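I have placed the structure first, in the form of structure tokens, so that the comments after it can refer back to it.
All of these numbers come straight from a predicted model, not from anything done at the bench.
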Amino acid sequence: MQHQLNSHGTPPPGCPAHGNTQLFGPEFGSDPEQHYAHLRSLGPSAPVDIAPGVQVELVTSYDAALHILQNPASFVRDSRRWNALNQGQIPEDSPALPMMGYRPNALFSDGAAHARLRQAVTDSLASIDELQLVRQTQQSAEYLISQFSSDIRGHAELMADYAQPLPLLVFSDLFGCPPELGDRVIAGISGIFEGTPGADLVLGGALGELIALKHRRPGDDVTTRLMQHSAGLTDEEVLHQLVTLLSGGTAPLTAAIGTSSALYLSEDWQTGLPVEDAVVQTLWNYAPIANYAAHYPTQDVELGERILRANDPVLISFAAANTDPKLTEHREQLSAKAHLAFGAGPHSCPAKDPAFMIAVTAVEALLNQLPDAETRVPFKDLAWVPAPWSRSLVNIPIRFTPRSALPPADGPAPSRDSRTTPAAAPQHSAVPGPSATGAYRPAAPHAAASKSRGGLFSRFVAWTRGE
């Protein structure tokens, strides 16, 4: 049989020369949409390798995804059912295990257990003051931008300098972390996503100390509300819900802030549209959580021409479902919130409204603090992280007028075209990152000097106090 070659000179993903379509690695990262298009040609779902040696069924149809997400009786979330894992077929060091392995939290629970944990999380998040959240995001943004905005070159890398640290600062504040514990929480969650050995122990230890602290000194924060909720969560249950909120919020928010900023700053963005439109377009076309939400059929189920076997994992491709061509003719009639980026059904994201608010505020803050900022690489040429779980850009190099070159505050501001959204919001950044060529530049002088003042959250708190 002769295999048709794609533009890269290799067989199309998923053809017999490949076996299952691989949703990881450079080929996938270079063109995720081609992989999703191929999978759609196989039906509403198809087998893929989500990691080396780990096969799952991936649902790419919007209708099929919605059906599974809204059908908890037939598709459950408890990964202790996972056949291949129970049979010892999953490599112990597989990157799929931290993402799919069971944890005693709402995400992996069903029925009454899920309802109890979910209610505690939802109620704790519902009490967040929206104006306070906006102020926290603005203040975090202003701090991070202050760290790179005086660069005499007028260059920054938005992913490392801005989109990655911003959610961590906001969450540390929302959870009521004192500076030193906030530093350790940030080190732990960052290390988990970077694959740092022992990072999970760092995070667990810091959160355990935070819970003990809140027993002694309760506060007006999410941690205290979880602990005091009428559901009566144990300390261990509180810890696991906090881990879920951190891990489930950090990476998607980083991706959403980065992609939305890059879209808005791109040459192709339609002038005059508000920032909210850029965030909504990101959620539809570049779903921050790309492929996740493992479900386990309680019995064999027919989907299209395939049989989904009981207790074999079925993952939802939010990225493919949102861009399902069958939706094209209806997209204009659909609500802007009809996308599946936040999931659907009983396990939909309980923090979707705060997450949207943080993303919009972060992009607005960037535009207002650096009104002439622009990307140094066209949006279409930016690289995506070659991993299946999150649709995130590798880096976003930008240029802008350094603050040292800006006129006084009471003088005329640099002009920006009509794309600017008039909303006051400060900005943030501090971490050295890759340049436009992909090479890593050395840390700015402020980064080295600030190490003596503790980690990221300690430096941020000191900055807010004028220290």
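The CG atom of Leu125 sits 11.0 Å away from atom CD of Gln241, with the distance rounded to the nearest 0.5 Å.
Using bins of under 30°, 30° to 60° and over 60° for the plane-to-plane angle, the ring pair Phe342/His339 lands in the tilted bin.
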Next item on the list: Report the C-alpha separation of Val243 and Asn105 in whole Å, then their side-chain angles, then the decisive distance to 0.1 Å, and conclude whether the side-chain contact (heavy atoms from CB on, under 4.5 Å) test is met.
Entry: CA-CA 9 Å; Val243 170; Asn105 58 35; over 6 Å; no
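Side-chain contact check for Ser127 and Arg225: at least one donor-acceptor pair (N or O, by modelled atom type) lies under 3.5 Å. For the residue pair Thr259 and Thr282, no side-chain donor N or O sits within less than 3.5 Å of a side-chain acceptor on the partner. For the residue pair Asn291 / Tyr36, a side-chain donor-acceptor distance below 3.5 Å is found, with atom types taken as modelled. A donor-acceptor pair shorter than 3.5 Å cannot be found between the side chains of Arg184 and Ser172. Judged purely by distance below 3.5 Å, without hydrogens or angles, the side chains of Asp123 and Gln119 pair a donor atom with an acceptor atom. Defined by atom type and a distance below 3.5 Å, a donor-acceptor pair is missing between the side-chain atoms of Asp151 and His155.
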For residues 128-136, please give each side-chain donor-acceptor pair under 3.5 Å, one per line with the distance, not counting sequence neighbours.
residue, atom, partner, partner atom, Å
Asp129, OD1, Leu131, N, 3.1
Asp129, OD1, Gln132, N, 2.7
Gln136, NE2, Asp173, OD2, 3.3

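Ring-centre distance between Tyr286 and Phe318: not below the 6.0 Å cut-off.
A salt bridge does not link Arg399 with Asp372: none of the charged nitrogens is closer than 4.0 Å to a carboxylate oxygen.
Annotation: side chain to side chain donor-acceptor pair (under 3.5 Å) contacts of Ser45 (sequence neighbours excluded): Glu57.
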